[in-house]
Protein chains: 2
Amino acid sequence: MTDRLDELPGRRCSIAGALDVVGDRWALLVVREVSLGAHRFSEILRGTGAPREQLTARLNALVDAGVLERRQYSASPPRSDYHLTKAGRDLLPVLQALMQWGDRYVADEPPVEFHHSGHRITASWVCDVCGEKVGRGIERHVRDRHEPAPA
Amino acid sequence: MTDRLDELPGRRCSIAGALDVVGDRWALLVVREVSLGAHRFSEILRGTGAPREQLTARLNALVDAGVLERRQYSASPPRSDYHLTKAGRDLLPVLQALMQWGDRYVADEPPVEFHHSGHRITASWVCDVCGEKVGRGIERHVRDRHEPAPA
DNA sequence: CGAGTTGGTTCGGTATGCGAACCTTGACGG
DNA sequence: CCGTCAAGGTTCGCATACCGAACCAACTCG
């Protein structure tokens, strides 16, 4: 079994592997935009500020990597929009960690807040079952990928 | 007051600010190496696999950004090693999130999950007031640099 | 004295990033 | 019909950034 990590320089590590997929300048900003509801090319373009052709390339790469899914919403003229796959949604913890760090160490104004209907939105760990925000008492659980998720 | 975020394209956001500091190809790998105990130039070089001059530039940038601290351990010949500052240590959650994602989607390794009381925990954007998970249609409610803060 | 190590810098070719312009398909207004 | 506009890209050409190879200065060890 060939492993993508083998082609990377340096220490063999999942961090390097993840960065190989989403470690360029625009990829995580694209994921941020899509996670915030910007699904169309032009919305993502505006939200990220990336150059158009870079964005084209990035979107294609992220679709190929399985982070985004392209959905055609008009056959003619051909128009697509972009949605997060499960892999894409699973990048949210990375964005949250980056945002917290940026809030603390980069932004010298009060951190930028996301709002909807006048309410502030924050990043949280949420229990899939309870729907409850989780503060402490998180257990790290290692599960083999071939084993089914716990019921 | 000038804010570093103002110089970035796209939506004004701490994520973009954080990526401006640690979003290039080698920065987070350097932080990983230092956090794993590689403090000398040659150790970091070997662990990351980065080209030498890139590493020189990256180390200087990370010292300037306050992520690393350079300590001279020999006056002649001038020799320094590198240590994490508090800001650098605070990047560990980012590395952990990336590692978890890489474990699951890039590497052929068993993934790691978080659980509490037997329930799986995932990350979401959550409205502080409603407690509601946010997905679609949030974009127009997001405050950006062109829009005044809500009162 | 000569070879080796550390921690870099310099150099030149190449890959990548970027902005400007262009293209195609269709919608809309007159 | 005809002209114009918008979405969603693609093509082009230049400028920057990246990269490997070579070089270097200051020791240290044999």
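Heavy atoms only: backbone and side chains are in, while hydrogens, waters and symmetry mates are out. Below, read A as the first sequence line, B as the second, and so on, with proteins coming before strands; counting in each chain starts at 1.
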Checklist line | Atom of B:Gly49, atom of B:Trp26 and distance for their closest heavy-atom approach | finding: O-CH2, 4.0 Å
Check: Near DNA chain D, under 4.0 Å by heavy atom, which residues of residues 34-47 of chain B?
Finding: none
Note to self: What does the B/S/- profile of nucleotides 11-24 of chain C look like, 5' to 3', with a 4.0 Å heavy-atom cutoff to protein?
What the structure shows: ------SBBB----
Check: What are the two closest heavy atoms between B:Arg32 and B:Gly47, and how far apart are they?
Finding: NH2-O, 3.2 Å
Next item on the list: Please name all residues satisfying side chain to side chain donor-acceptor pair (under 3.5 Å) with B:Arg25, sequence neighbours left out, ordered by chain then number.
Entry: none
Note to self: Between B:Asn60 and B:Thr56 (side chain of the first, backbone of the second, donor and acceptor by atom type, cut-off under 3.5 Å), is there such a pair?
What the structure shows: yes
Item checked: Sequence neighbours excluded, every pair satisfying salt bridge (charged side-chain N to carboxylate O under 4.0 Å, His left out) that has a member inside residues 38-56 of chain B -> none
Notebook entry, point to check: Excluding sequence neighbours, so at least two apart, what forms side chain to side chain donor-acceptor pair (under 3.5 Å) with B:Asp90?
Noted result: A:Tyr105, B:Lys86
Note to self: What range of DNA chain D does chain B touch, first nucleotide to last, counting atoms under 4.0 Å from its heavy atoms?
What the structure shows: D:dC18 to D:dC27
Notebook entry, point to check: Any idea which heavy atoms bring B:Leu95 and B:Leu28 closest together, and the distance?
Noted result: CD2-O, 3.7 Å
Check: Which atom names give the shortest non-hydrogen contact between A:Phe41 and A:Leu59, and what distance separates them?
Finding: CD1-CD1, 3.7 Å
Check: Would you say a side-chain N or O of B:Tyr73 is under 4.0 Å from OP1 or OP2 of C:dG7?
Finding: yes
Next item on the list: Please report the closest heavy-atom contact between A:Leu62 and A:Val21, naming both atoms and the distance.
Entry: CD2-O, 4.4 Å
Next item on the list: Round to the nearest Å and state the distance from B:Leu55 atom CG to C:dG8 atom P.
Entry: 9 Å
Notebook entry, point to check: What pair of heavy atoms forms the shortest contact from A:Leu98 to B:Ala18, and how long is it?
Noted result: O-CB, 3.5 Å
